[in-house]
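Contents: one structure, followed by commentary.
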There are 2 protein chains.
Amino acid sequence: MSTKNKLNTIFDSDLRHLMVVSYFVLGNNAVTNRYIERRYQFPVQAWSTLFSIVMFPGIRAKEITHLFPRPQNTISRAISLLATRGLIRHQTSTTDGREKRLFATPAGEELLDEIRAISVQRQDELFSPLTDAERETFFTLARKIANGPKLLESDAMPSDVATGKERNTA
Amino acid sequence: MSTKNKLNTIFDSDLRHLMVVSYFVLGNNAVTNRYIERRYQFPVQAWSTLFSIVMFPGIRAKEITHLFPRPQNTISRAISLLATRGLIRHQTSTTDGREKRLFATPAGEELLDEIRAISVQRQDELFSPLTDAERETFFTLARKIANGPKLLESDAMPSDVATGKERNTA
DNA sequence: GCTAGAAAGATCCATTTGGATCAATCTTTC
DNA sequence: GAAAGATTGATCCAAATGGATCTTTCTAGC
């Protein structure tokens with residue numbers, strides 16, 4: 001049985017909906033992450049962070065973790081890397097001394113434009129098997145899933161599950 | 001502007017197709033990975049690997065990297081972890097001494113059944129915003145994308161791009 | 001049947017990761 | 001207005017990651 005047939009078998013199984021999305025996103029991430037890291041010498045979350053800051057000048061680090069679901073320290077590190085490179089600057093909020101408002105520098109905006117253009121090309125490439133109408137259908141459905149209440153809070157896989165270790169001693 | 005509105009703005013941008021999928025997969029992965037690691041004390045790729053082995057008895061490590069696009073050493077480590085736990089066994093191929101054929105033990109099959117049942121529940125939960133018909137439409141389109149020729153080989157983001165460092169010295 | 005090259009899988013090691021903790025600041029309650 | 005608790009973002013550190021390399025085995029060409 002060839003690898004292609006094995007993939008088809010998986011995509012016929014009871015977990016097919018989850019598997020097919022995992023597969024294409026894992027595959028796409030491998031391509032995207034390698035490219036961004038090699039070409040720009042920073043992790044992909046630095047690009048996500050820069051994107052957030054250019055789109056929403058004055059955004060706070062905490063909010064970025066909600067736009068791109070990554071751990072807080074990951075975003076924190078991306079911010080300090082971008083600041084070191086002179087791509088963003090931060091200024092402490094006047095109303096709350098804990099908050100740091102983030103802004104892109106001209107160099108940051110310029111770099112974002114470049115990466116963004118390449119990403120649009122990548123998007124076209126990735127979705128090229130679909131017609132325009134199909135892309136919109138896919139997008140509409142994906143957006144419904146993204147808005148679902150159980151995306152980040154699961155009953156099936158609760159975040160406070162007892163660990164294997166604890167279960168053994170119980 | 002609230003975080004919810006920011007998300008909607010992103011989902012209205014030129015990168016919306018990529019962003020919406022990234023968003024829901026990153027979110028789902030956070031939930032799934034944390035659960036599997038906490039509950040079973042192994043990384044999520046160990047479950048992917050066990051799944052592959054139960055589905056396809058005698059599969060080789062190399063093939064698993066094509067079913068779940070992860071680096072080769074990641075799968076190699078998952079295999080040795082599963083073997084240590086007594087969940088799988090390997091036997092060197094009679095026709096090729098380099099190949100190790102992988103098989104699940106009864107304990108491995110039992111564990112897979114358990115995780116698989118939970119994963120099906122998680123799948124239902126994640127896709128609950130869609131009707132059954134919408135789920136099938138989404139699946140059909142996602143499968144087309146997964147089968148696309150540019151998934152793992154990109155023109156927009158080629159794997160042999162010159163690094164930032166090299167470009168500076170050129 | 002010998003040698004050069006390719007392929008499978010294990011291992012090495014510098015770097016990254018993310019849960020946990022910490023310091024600073026703000027809010028609430030009495 | 002003092003103390004307890006919550007929130008933001010930085011930092012710590014043990015563990016995981018993944019590119020590169022190594023070993024073993026197979027294959028091709030002569």
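Remember, it's a predicted structure, so these values are computed and weren't measured experimentally. Chain A is the first sequence line, chain B the second, and so forth, proteins listed ahead of strands; every chain is numbered from 1.
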Using the test side chain to side chain donor-acceptor pair (under 3.5 Å), find all partners of B:Thr65 that sit at least two apart in sequence or belong to another chain.
none

Whole-Å distance, A:Phe68 CZ to C:dG18 C1', equals 19 Å

Does the protein touch nucleotides 24-29 of chain C at the base, only the backbone, or not at all? Give it as B, S and - per nucleotide, heavy atoms under 4.0 Å.
BBS---

Using the side-chain hydrogen bond (donor to acceptor under 3.5 Å, both in side chains) definition, which of the options B:Arg122, B:Gln123, B:Gln121 pairs with B:Glu125?
B:Arg122

How would nucleotides 12-22 of chain D be written as a contact map, 5' to 3', with B for base contact, S for sugar-phosphate-only contact and - for no contact, using protein heavy atoms under 4.0 Å?
B----BBB---

What is the distance from NE2 of A:His66 to C1' of D:dT8, rounded to the nearest Å?
12 Å

Please determine if a side-chain N or O atom of B:Ser76 lies less than 4.0 Å away from the OP1 or OP2 oxygen of C:dA10.
yes

Let me check the geometry of the helix from C:dG1-D:dC30 to C:dC30-D:dG1. What is the bend angle between the axes at its two ends, five pairs each, to 10°?
30°

Give a yes or no on whether B:Gln91 atom CD has more than 12 heavy-atom contacts from other residues, nucleotides or ligands under 6.0 Å away.
yes

Over how many whole Å does the gap from B:Glu99 atom CD to D:dT27 atom C1' extend?
13 Å

Is it true that the NZ or CZ of B:Arg85 lies under 6.0 Å from the centre of B:Phe42's six-membered ring and within 45 degrees of the ring axis?
no

Expressed as a whole number of angstroms, how long is the span from A:Arg60:CZ to D:dT8:P?
6 Å

By ring-ring contact (aromatic ring centres under 6.0 Å, His included) - contacts of A:Phe68 (at least two apart):
none

Can you tell if the side chain of B:Lys150 reaches within under 4.5 Å of the side chain of A:Leu126, non-hydrogen atoms only?
no

Would A:His17 and B:Glu136 count as having a side-chain donor-acceptor pair, cut-off 3.5 Å?
yes

Separation of C:dA10 P from B:Leu81 CG (nearest whole Å):
13 Å

Distance check needed: D:dT8 P versus A:Ile59 CD1, whole Å only.
13 Å

Determine: side-chain N/O of A:Lys100 to OP1/OP2 of D:dG9, distance under 4.0 Å, yes or no.
no

With sequence neighbours excluded, what pairs up with A:Glu153 under the salt bridge (Lys or Arg N to Asp or Glu O under 4.0 Å) test?
none

Please answer: with hydrophobic residues joined when any side-chain heavy atoms are less than 4.5 Å apart, are B:Met157 and B:Leu152 in the same cluster?
yes

Please report the distance, rounded to the nearest Å, between CZ in B:Arg101 and C1' in C:dG9.
14 Å

Cation-aromatic face contact A:Arg116/A:Phe51, 6.0 Å, 45 degrees
no

Just how far, in rounded Å, is C1' of C:dT11 from CD1 of B:Ile75?
16 Å

B:Arg143 and A:Asn8 side chains, donor-acceptor separation under 3.5 Å:
yes

